[in-house]
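All ligand and atom numbering here is 1-based and tracks the order in the structure.
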Amino acid sequence: MNRVEGERGVCRLGLPEIASLNVSKVTESVTITFLGCCFRCIYCNAYRLSQYPCVGWFYKGFLDLEQLVSEISNLIDSNLANKVKVSSVSFTGGEPIIHWPFVEQLIKTFKKDGMKIGLATNGFSSERTWHRVLEECDWINFEVKAFDDEVHKVITGAPVEPILRNLSQLITRARNKIRVVRTVVIPGINDGQIGKIASYIADLDETVPYKIIAFRPNFILYFHPGPSSRLMGKLAKVARSKGLKDVSCSSWYPFRAPKSVTRREMREYVSEEAKLAAKYLILAGCKNHPRECGTCRLVNHCPAMLWEPWDLQSKVK
Ligand code: SF4
Ligand code: SF4
């Protein structure tokens, strides 16, 4: 399909368009977030960019290679990047593989500068493209949505066979490049798939890190509830029972502010409503109580601006 000439596939995109460039502390990388995706997952938490251009939001758009390289290089040289010790350039989306020839050109440039290359992907590509992906990337986050074709199709709109084939090749040919294989758990829709995915991975290599992440209501599943911590714990056990040695889980819902937040700052609040909100703020790092951002000396480097919201959960026993 010639997208440059105006032909369109499932992703509906022409030129590779960029949603944002940012520095990521978690992956110690400069991250390039592409618009568009070859899937239409019903739970997508990034649907306003993965389903672009149909969603009516507008972004940074197309940057030619030279301009994009210059913007990424500026970010790599920034104080923030220095502070988080950026050592890689990573690609996410949407789905970066739909822009692979363009991504490859970026990779060539930044590899020459000694940067590592990271990729977050749904793993949907031809075998030929996947070989190139495995060749070029230094680390990969791979998301499997379901094991059974029917369930995979109804969640994503696409068949599961290429995903399982590519996952198998990733594990058998490039095990050292796997940062994590993960599945977002949607209660009643794919929780029964976790054991099957875990078995598939364990049969190939039981040391592969597998992470299950709780779904949060979003997009077409906006009114569907997320999983409880109990269900997540049970599913982690199921995954381990299939032989996997490294299983983790996060972001269960609902998350409750713990009773254990009894710090001195809580005395600054009277009502139960304010106390509850303050617990979340304290966990996130807010230092100024009672809270007032307008008069806070930390306003320009606020510690409560979390890098990742799920950090909250790790602070709670
Ligand atoms: S593969 Fe990821 S980015 Fe694409 S629609 Fe699904 S959840 Fe969204
Ligand atoms: S700027 Fe940050 S630390 Fe200061 S009051 Fe606001 S949230 Fe709290």
Side-chain angles (χ1 to χ4, degrees), residues 9-13 16-20 31-55 57 59 90-99 119-125 140-146 151-160 162-163 166-167 180-186 189-190 193 211-222 224 226 251 261 263 265-266 268-269 274 277-307 309 312:
V10 170
C11 72
R12 293 143 283 155
L13 280 184
E17 296 190 48
I18 306 291
S20 64
T31 302
I32 297 103
T33 303
F34 282 101
L35 292 166
C37 186
C38 44
F39 285 2
R40 300 179 178 206
C41 298
I42 51 176
Y43 68 89
C44 182
N45 68 352
Y47 69 95
R48 291 206 186 271
L49 60 92
S50 70
Q51 301 310 305
Y52 176 87
C54 302
V55 287
W57 281 28
Y59 297 88
S90 62
F91 299 93
T92 184
E95 176 50 57
I97 290 183
I98 64 175
H99 308 295
L119 176 76
T121 180
N122 62 28
F124 192 83
S125 77
I140 294 175
N141 289 347
F142 190 108
E143 188 165 318
V144 197
K145 328 280 185 173
V151 183
H152 194 273
K153 269 193 185 142
V154 78
I155 293 175
T156 69
V160 78
I163 308 298
N166 289 348
L167 176 59
V180 73
V181 177
R182 62 192 181 199
T183 302
V184 172
V185 174
I186 315 167
I189 292 181
N190 73 348
Q193 301 288 304
K211 180 164 192 167
I212 51 174
I213 302 169
F215 148 83
R216 300 282 170 89
N218 251 309
F219 193 33
I220 289 168
L221 297 186
Y222 197 84
H224 192 77
S251 304
V261 178
R263 303 198 190 133
E265 299 95 310
M266 293 302 290
E268 304 294 339
Y269 298 95
K279 282 182 181 181
Y280 284 102
L281 278 160
I282 289 168
L283 283 171
C286 173
K287 304 276 185 231
N288 185 34
H289 301 278
R291 184 186 188 205
E292 191 169 335
C293 299
T295 56
C296 179
R297 68 189 163 78
L298 298 174
V299 72
N300 291 328
H301 39 96
C302 171
M305 287 300 111
L306 286 173
W307 287 94
L312 273 184

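Under 2.8 Å from atom 4 (Fe) of ligand 2 lies no N/O/S atom of Cys293, from backbone or side chain alike. For a distance bound of 2.8 Å, the N, O or S atoms of Cys37 include none lying that close to atom 8 (Fe) of ligand 1.
Set against the non-hydrogen atoms of Arg291, the atoms of ligand 2 under 4.0 Å away are 5 (S), 6 (Fe), 7 (S). Those atoms of ligand 2 that come under 4.0 Å of a heavy atom in Val299, given as number and element, are 1 (S). Interface of Gln51 with ligand 1, defined as ligand atoms under 4.0 Å from a residue heavy atom, comprises 5 (S). Residue contact check: Cys286 has heavy atoms under 4.0 Å from atoms 3 (S), 5 (S), 7 (S), 8 (Fe) of ligand 2. Those atoms of ligand 1 with a heavy atom of Ser50 less than 4.0 angstrom away are 3 (S), 5 (S), 8 (Fe).
Residue contacts with ligand 1: Gly94 is included, with a non-hydrogen atom under 4.0 Å away. In this structure, Glu143 falls outside the shell of residues with a heavy atom less than 4.0 angstrom from ligand 1.
Taking the side chain as every heavy atom from C-beta outward, Asn166 and Phe124 never approach each other to under 4.5 Å. Here the side chains of Ile220 and Arg40 are not in contact, with every heavy-atom distance at 4.5 Å or above.
For atom 5 (S) of ligand 2, the closest non-hydrogen atom on the protein side is Asn288 CB, 3.5 Å. Closest to atom 2 (Fe) of ligand 1 among all protein heavy atoms lies Lys145 NZ, 3.5 Å. The single protein non-hydrogen atom nearest to atom 3 (S) of ligand 2 is Lys287 N, 3.5 Å, given as residue, atom name and distance. Nearest non-hydrogen protein atom to atom 8 (Fe) of ligand 1 is Cys44 SG, 2.3 Å. Of all protein heavy atoms, the one closest to atom 6 (Fe) of ligand 1 is Cys41 SG, 2.3 Å. Closest to atom 4 (Fe) of ligand 2 among all protein heavy atoms lies Cys296 SG, 2.4 Å.
Between the side chains of Thr33 and Thr92, no donor N or O sits under 3.5 Å from an acceptor N or O.
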Which is it for Glu265 and Lys287 under the side chain to side chain contact (heavy atoms under 4.5 Å, CB included) test, yes or no, and what are the steps along the way?
CA-CA 8 Å; Glu265 299 95 310; Lys287 304 276 185 231; 6.0 Å; no

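Partner of Phe39 under the side chain to side chain contact (heavy atoms under 4.5 Å, CB included) criterion, out of Glu143, Gln51, Lys145: Lys145 alone.
Atom CZ of residue Arg291 and atom CD of residue Glu268 lie 15.0 Å apart, to the nearest 0.5 angstrom. For the atom pair CG (Leu221) and CZ (Arg216), the distance works out to 14.5 Å, reported to the nearest 0.5 Å. One finds the CD1 atom of Ile42 at 4.5 Å from the CD1 atom of Ile189 (value rounded to the nearest 0.5 Å). To the nearest 0.5 Å, atoms CD1 (Ile140) and OG (Ser90) are separated by 12.5 Å. If you take CG on Asn218 and SG on Cys41, they are separated by 11.5 Å, rounding to the nearest 0.5 Å.
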